[in-house]
Amino acid sequence: MPAAAKEIALTFDDLPCNEFALPAECVLRINKKILRCLGREHIRTVGFVNENAIHHRSETNGRKKILKSWIKSGHELGNHTASHSKLSQVGYENFCQDILRGEVTTNGILKKYHRRPMQFFRYPFLDIGPEPDRSAVKSFLRAHGYTIARITIDSLDWSYNAKYQRALKVGDKKLANSIRSAFLVHLRTQFHTMANRPQNEILLLHVCTLTSLCVDDIVGLLRKEKYSFCSLGRALESWK
Ligand SMILES: [Zn+2]
């Protein structure tokens, strides 16, 4: 019998955009690019929201529309705290408050679309904190109906994106292009290395400029390695 196809779930952090200070039209363009590719490829993902970033400047309505476009495109939304806080720094009480603040607007929008409240949670900075906060937050999340969305492949796109932006800022297009190429080489190596693991993979991406420019290539690399795409819930099951 042939081996079952290797599956992967794509996840996007820092909705509406990892680049906090970008003007609204850029944020919209980045999201559109990502959603267009996912739609064309029939891939359903989870986008993890930072609610403070929705209420940025006077752009709340535009940024809410972005969340709505993710929902209307068939994706799920997850909680990534309101302010992207680090459990190790802020401690149990503040972190739990940040989780609750992170669900007000998003769950309100989900309700309007007759969708269930957010069920996945992802730790900002992937920081699960020290004990005893670590266990206490896990219990808190369980009690509030959340499943922790672990990752298995870190794209490091936020880091490549920061370098890419710095290169563009000084007008070095050649360097920017080489950073973009290095990002894709890093991903190709990761995808190839993980392709023989028995479990499904969960890829961490961010809503940012570089990822929006490379999302077609990323999907292409995965298809080349014979991955098929699955839901986050299904990918998490294989790690139980
Ligand atoms: Zn994040």
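Read the numbers this way: they start at 1 and go in the same order the structure lists the ligands and their atoms.
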Between the side chains of Glu201 and Thr152, is a donor N or O closer than 3.5 angstrom to an acceptor N or O?
-> yes
Within residues 36-66 or reaching into it, pairs that qualify as ring pair (Phe, Tyr, Trp, His ring centres under 6.0 Å) - sequence neighbours excluded = Phe20-His56
Is the Zn ion (ligand 1) less than 2.8 Å from an N/O/S atom of His206, whether that atom is in the backbone or a side chain?
-> no
Minimum-distance atom from the Zn ion (ligand 1) among N, O or S atoms of Asp14 = OD1
Are Ser83 and Asp98 linked by a side-chain donor-acceptor pair shorter than 3.5 Å?
-> yes
Relative to the ring of Phe183, is the ring of Tyr160 parallel (under 30°), tilted (30 to 60°) or perpendicular (over 60°)?
-> tilted
Would you say Asp13 has an N, O or S atom lying under 2.8 Å from the Zn ion (ligand 1)?
-> no
